[in-house]
Amino acid sequence: MSTEEQKESPEAAAPAPREVKCVVLTGFGGPKMVRCQKKPEPSAKEGEIGDRVIGFCDYKAWSEVVAIPSQFVYKMPENMSFQDGAALPMSYLTAYILLFDIANLRQGQSIGDRVIGFCDYKAWSEVVAIPSQFVYKMPENMSFQDGAALPMSYLTAYILLFDIANLRQGQSVFTHSVGGGVGIAVTQLCHMMEDVKLFGTASYQKHEAVKANVDHLFDHVVDYPQEVRKLSPEGVDIFLDCLCGEDANKGISLLKPMGKYILYGSSSIVTGETKSFFSFAKSWWQVDKISPIKLYDENKTIAGFQLRHLLHKQGQHQYVKEIMNKLIKLYSDGKIRPCIDSAWAFEDVGEAMQKMQDRKNIGKIILDPTLEPKPKPVSPARTHTTSQCSEDKENTEDQQ
Ligand SMILES: NC(=O)c1ccc[n+]([C@@H]2O[C@H](COP(=O)([O-])OP(=O)(O)OC[C@H]3O[C@@H](n4cnc5c(N)ncnc54)[C@H](OP(=O)(O)O)[C@@H]3O)[C@@H](O)[C@H]2O)c1
């Protein structure tokens, strides 16, 4: 081609495209498929800039020159090296969002803290995600099992006694299920005050273990209002009811003037393995419908308490946190100590729940994901018999 011809050809006039080094994944596979290759230099389109910047590319980032839309580009400070600029955005942005926006990490908290938390649901899991407003730092001297046993029972007992009932020296308290988690918490908190008289019920087989915790203990099946009246004709100042049904009427009738009845559970609804609609309806039906005018005439107060609703539906986490802090201090000072009946591996949850169902626990039953399941008895003879039975049955069916 002559010089004249070269001048006229447009391809000859355009400068050769600059090439830049890129790291490219050349095919399916691991690092061996990653190559350093030369690629045409990308040109900046409208809205793309050239400066000392940090940027996020969607793809094609492993190149000497990249084109990035300006909304993904951030100007580097003077004192930042290019290597720091390359290392910072992805890792620090991810960490920042996880900690401060998602986990809502606040002053006083740090990664690796031993904590207690309240889940609304899905708590029976090795790993749980809990919003930070429902999480409380554990004191150094608290075991994980105590941490699991404390919050629900002691928060409930504390709020019932001190915030709702306003328990004072010289008063009397009646509580059901004194061998249960909440019952034990109620008795321990009452003992922190001088001259508080405690009445309670528990199944007869627990009496030996818990009788020292209360002044007067009855089996739930006896006519306990009558027994209490024999000892305290005026009745009691505070009645804590976790049973509901006809026990609600008994509790309200046992109140002294200015007395307080608080409903915080409905165990009487559980008659078999689950809550039954029939026993729920029966329990609802059995409770006397009390008019405020009757309460006004008799100087009595009726209240209710539901921790789960308070925390997860009514947004009172700040109030609960304040009480939790007081309880953690009481624990650290050795004034309260959760009672743990037994701890179980996740695999043994059925057995643990059966114990609860049979009302055999004294204190809390804990599920501990670090525990190994109990060895299960193997009974080859029984297995043989079963299969033998099936074989026999099949043979009989074949013959018919
Ligand atoms: N409102 C709240 O925020 C809140 C918070 C925590 C607990 N609670 C309620 O408080 C109650 C006790 O809780 P907890 O944590 O102390 O339980 P727990 O440690 O498992 O104790 C349960 C005890 O309740 C007694 N009980 C009475 N009637 C029962 C029945 N029909 N079925 C099974 N057990 C029965 C049994 O003791 P005896 O056989 O000795 O009577 C049983 O051992 C429950 O109703 C629970 O729902 C309410």
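These numbers come from a predicted model, not from an experiment. Counting convention: from 1, in listed order, for ligands and their atoms alike.
Remark: ligand 1 atoms within the under-4.0 Å shell around heavy atoms of K364 are 15 (O). The ligand atoms of ligand 1 that sit less than 4.0 angstrom from a heavy atom of G180 are 16 (O), 19 (O), 21 (O). Every atom of ligand 1 with a heavy atom of Q306 under 4.0 Å away is listed here by number and element: 1 (N), 3 (O). Listed by number with element, the atoms of ligand 1 under 4.0 Å from a non-hydrogen atom of C242 are 10 (O), 11 (C), 45 (O). The contact set between ligand 1 and A202, taken as ligand atoms under 4.0 Å from a residue heavy atom, comprises 40 (O).
Side-chain contact check for N213 and H191: no donor-acceptor pair (N or O, by modelled atom type) lies under 3.5 Å. Side-chain contact check for D163 and Y158: no donor-acceptor pair (N or O, by modelled atom type) lies under 3.5 Å. Side-chain N/O atoms of D241 and Y261 include a donor and acceptor closer than 3.5 Å.
One finds a salt bridge joining R308 and D120 here, because a Lys/Arg side-chain nitrogen approaches an Asp/Glu carboxylate oxygen to under 4.0 Å.
For a threshold of 3.5 Å applied to N or O pairs, the pair formed by V182 and ligand 1 contains at least one separation below that value. Where the criterion is an N or O separation shorter than 3.5 Å, residue side chain and backbone included, R308 fails it with respect to ligand 1. Checking only distances, S177 does come within under 3.5 Å of ligand 1, N or O to N or O. Considering backbone and side-chain atoms alike, S268 places every N or O at 3.5 Å or more from each N or O of ligand 1.
In this pair, F174 and F218 present their aromatic rings parallel. The plane angle is below 30°, not in the 30 to 60° band.
For the residue pair L254 and R229, the shortest heavy atom distance occurs at CA-NH2, 3.7 Å.
Not less than 6.0 angstrom separates the ring centroid of F199 from the ring centroid of Y224.
The residue from K360, H309, H176, K206 that puts a heavy atom closest to atom 42 (C) of ligand 1 is K206.
At a 4.0 Å heavy-atom cut-off, ligand 1 touches L243 through the side chain alone. Of all the heavy atoms of L307, the ones lying under 4.0 Å from any atom of ligand 1 are found in both the backbone and the side chain.
Residues satisfying the salt bridge (Lys or Arg N to Asp or Glu O under 4.0 Å) criterion with D333, sequence neighbours excluded, are K329.
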